[in-house]
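For reference, the structure is listed below as structure tokens.
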Amino acid sequence: MAKRITNRADDYSQWYLDIVKEAKLADHSPVRGCMVIRPNGFAIWENMKSALDNMFKETGHENAYFPLFIPKSFLSKEAQHVEGFAKECAVVTHSRLKSVDGGVEVDPESRLDEELIVRPTSETIIWDAYRNWIQSYRDLPILINQWANVVRWEMRTRLFLRTMEFLWQEGHTAHASEEEAVAETLQMLEVYRTFAEEFMAMPVVTGVKTPSERFAGAVDTYCIESLMQDGKALQAGTSHFLGQNFAKAFDVKFQDADGEHKYVWASSWGVSTRLIGGLIMTHSDDHGLVLPPKLAPTQVVVVPIYRSDEERADVKLYIAPLIAELKKKNVSVKLDDRDNFKPGWKFAEHEAQGVPIRLAVGPRDVENGNLELARRDTLEKNIIPMEGAASHIEELLITIQDDLFAAAKDRRDKQTKQADSYDEFKKIIEDGGFIYAHWDGTAETEAKIKEETKATIRCIPLEGDKTPGKCMVSGNKSAQRVLFARSY
RNA sequence: CGGGACGUGGCUCAGUCCGGUAGAGCACUCGGCUGGGGGUCGAGGGGUCGCAGGUUCAAAUCCUGUCGUCCCGACCA
């Protein structure tokens, strides 16, 4: 068998790229740092999207759409926000091309009066709209989400993990009180945790970012942090409590029940196509992609095995009722009856693409009333009776989902350590993984650690050990252990 | 944006040092044998060598520029 996927142990980055290529998830585009998301990759995103969208709707949110272009002046209204994004904005300066001997060039006469920014995120244009929508406390809360693309001019890109253009959702909410806005921020953080753990089967740590890692313009940034197989952390989602920063910048006030005019409180939260990168690096192996059943575009693939046309017809007749029954149970099942590929080829291909369950059915099975079932996650193969197969498969999909989470959590926990001295920390960090250690809460210490070890504080965890101690670097007092890692 | 490596049929690469008629494997098309883990035999199709200049009788090969990819840094979802 030709080895098309680099082993993780040999070259993790190359392995990741090989998976993306072999599973046909995405291609590099002609434009640096952008990607073409292929049907296999997009189908995963669609499944993520639909699960998240349901969760947003269940928590009272509505979808809307705001423009791609933002007037340049809007970006400068919130000082912190500008500072955070100014370095990575695509700017539209002209509106026309003109032909010049066989090619085209920008028509200098079409220069725009006010240049437009391609949104790196939509706080500004949304808060400009909210000003017009909000007068009274009766107009609040506003709970809006949008599914969109955004552009951030990145220096170094990697498919899904960091691209110049990416797809995401961004929720933007407006509230009458601080408590309510904070509650919303934390509620959405929980939505993300639930999604990551229950759908992606990816265990996460929830926490607060330190000021240096905080979203530009936020009062507090909360996040879900996950740990990839190579021991590097991935920020998988963020939820921001924006305080009144944007309300003040865009002058959004409401008249409260007490007659007073007050600034609105805000939150924003988002997850992106980066999650697909996280999904890949959480579960996949040296044979290819491994997908949790809840997000797999195809949950079960059936490979018929036959020699003659007659056998082929027999096999198809034999499996038709099972396929129909699985469909009735809402299992996404695909019959791979392509005649131009050999069974062995198909096995390898579906394995590379991460289909959770593969059924192989040949004349022998027809005769014995069996079928062969292979699990993608464990690579186990078993002969099972056709009788009751549909229910067995339905249950097995749930088992696989649970097992993937358990395996990922077990791996994550094994890669999670504690360090009680800086020397110990420096030693452990070389192996990667999460490290819980005491920190004095200062930006100086944080910067020193980053400078010397390349590790950053991923978050100050919301749960777990809250015992105070002494900073491993300065020896000053520390309120609790914080989570360190090298990250993507 | 700095350092390094690399761009040659769809893919992986040889050829570049030392200029002289573009090659291999895989993939693709047609046909045969096949079919329970990337099978096999035969016959075909496909590349102005990333792009733009320059040197030369002659450039994949030498020179300059440019675009892109990968790895390592600085920056970030």
Side-chain angles (χ1 to χ4, degrees), chain A residues 1-6 11-14 16-18 21-22 27-35 83-89 103 120-121 149-170 192 209 212-216 221 223-226 233-240 268-278 287-288 303-309 311-312 315 338-352 358-368 370-374 379 381 383 450-451 454 456 458 487-488:
Chain A
M1 179 171 120
K3 188 70 190 163
R4 302 185 183 190
I5 297 172
T6 307
D11 184 345
Y12 194 82
S13 297
Q14 191 57 47
Y16 177 81
L17 290 164
D18 289 346
K21 188 173 68 178
E22 285 302 315
D27 288 342
H28 286 284
S29 84
V31 180
R32 181 182 74 84
C34 294
M35 62 178 167
E83 216 172 290
F85 286 104
K87 289 164 293 185
E88 47 185 36
C89 286
T121 177
N149 58 337
V150 286
V151 169
R152 295 180 189 175
W153 212 264
E154 296 291 347
M155 290 307 169
R156 200 171 153 190
T157 59
R158 298 187 79 190
L159 291 172
F160 292 114
L161 293 174
R162 176 166 298 107
T163 47
M164 295 219 305
E165 180 193 12
F166 56 91
L167 305 183
W168 77 345
Q169 59 66 217
E170 46 180 327
Y192 288 155
K209 287 290 187 188
S212 69
E213 299 276 333
R214 190 186 283 157
F215 172 74
T221 288
C223 61
I224 52 172
E225 291 285 328
S226 54
L234 185 77
Q235 178 175 309
T238 49
S239 184
H240 314 289
S268 73
W269 27 274
V271 295
S272 72
T273 35
R274 166 180 261 197
L275 288 178
I276 296 174
H287 300 271
V303 178
I305 290 154
Y306 49 85
R307 292 162 209 269
S308 60
D309 284 349
E311 281 184 352
R312 182 183 183 182
V315 167
R338 292 173 297 175
D339 196 34
N340 51 338
F341 291 102
K342 299 288 143 61
W345 171 275
K346 294 177 183 177
F347 293 175
E349 186 180 56
H350 294 122
E351 215 159 80
R358 182 190 70 232
L359 303 175
V361 188
R364 220 151 59 206
D365 303 301
V366 175
E367 196 177 318
N368 302 328
N370 291 332
L371 41 88
E372 183 193 86
L373 184 153
L379 300 168
K381 281 199 292 199
I383 304 293
K450 184 177 179 182
E451 171 73 27
K454 312 255 189 293
T456 50
R458 302 318 303 155
S487 74
Y488 276 97

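Here is how names work: the chains are called A, B, and so on, in the same order as the sequence lines, proteins then strands, and each is numbered from 1. Atom set for the values below is all heavy atoms of this structure, side chains included, hydrogens, waters and symmetry mates excluded.
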**Prompt:** Expressed as a whole number of Å, how far does the C1' atom of B:rA60 sit from that of B:rG20?
**Reply:**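 Here B:rA60 and B:rG20 have their C1' atoms 13 Å from each other.
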**Message:** Please give the distance between the P atoms of B:rG2 and B:rU66 as a whole number of Å.
**Reply:**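 Taking atom P in both B:rG2 and B:rU66, they lie 11 Å apart.
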[X] [atom1] - [N] [atom2] separation (whole Å):
{"X": "A:K346", "N": "B:rG36", "atom1": "NZ", "atom2": "P", "result": "11 Å"}
{"X": "A:L359", "N": "B:rG36", "atom1": "CG", "atom2": "P", "result": "17 Å"}
{"X": "A:W269", "N": "B:rA77", "atom1": "CH2", "atom2": "C1'", "result": "16 Å"}

**Prompt:** Which class fits the ring pair A:H240 and A:F215: parallel under 30°, tilted 30 to 60°, perpendicular over 60°?
**Reply:**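 Ring orientation of A:H240 relative to A:F215: parallel.
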**Message:** Classify the ring geometry of A:W345 against A:F341: parallel below 30°, tilted from 30° to 60°, perpendicular beyond 60°.
**Reply:**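 A:W345 and A:F341: parallel rings.
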**Message:** For the CD atom of A:Q235 and the OG atom of A:S487, what is their distance to the nearest 0.5 Å?
**Reply:**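 With rounding to 0.5 Å, CD (A:Q235) is 8.0 Å from OG (A:S487).
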**Item:** Partners meeting side-chain contact (heavy atoms from CB on, under 4.5 Å) with A:I305 (sequence neighbours left out)
**Value:**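 With sequence neighbours excluded, A:I305 shows a side-chain contact (heavy atoms from CB on, under 4.5 Å) to A:P343, A:F347, A:A360, given in chain and number order.
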Could you go through nucleotides 29-35 of chain B and list every protein N or O atom that sits under 3.5 Å from one of its N or O atoms, giving the distance for each pair?
unit_1, atom_1, unit_2, atom_2, d
B:rU34, O2, A:K342, NZ, 3.2
B:rG35, OP1, A:R307, NH1, 3.4
B:rG35, OP2, A:R307, NH1, 2.8
B:rG35, O2', A:Y306, O, 3.3
B:rG35, N7, A:R307, O, 3.4
B:rG35, O6, A:R307, O, 2.7
B:rG35, N2, A:D339, OD1, 3.2

Protein and nucleotides 68-72 of chain B: nitrogen or oxygen contacts under 3.5 angstrom:
unit_1, atom_1, unit_2, atom_2, d
B:rU69, OP1, A:G33, N, 3.2
B:rC70, OP1, A:H28, NE2, 3.3
B:rC72, OP2, A:R156, NH2, 2.6

**Item:** More than 12 heavy atoms from other groups under 6.0 Å of CZ on A:R338
**Value:**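 It does: A:R338 CZ has more than 12 such atoms within range.
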**Prompt:** Are a donor atom and an acceptor atom from the side chains of A:S212 and A:R214 found within less than 3.5 Å of each other?
**Reply:**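 Per modelled atom types, A:S212 and A:R214 side chains form no pair under 3.5 Å.
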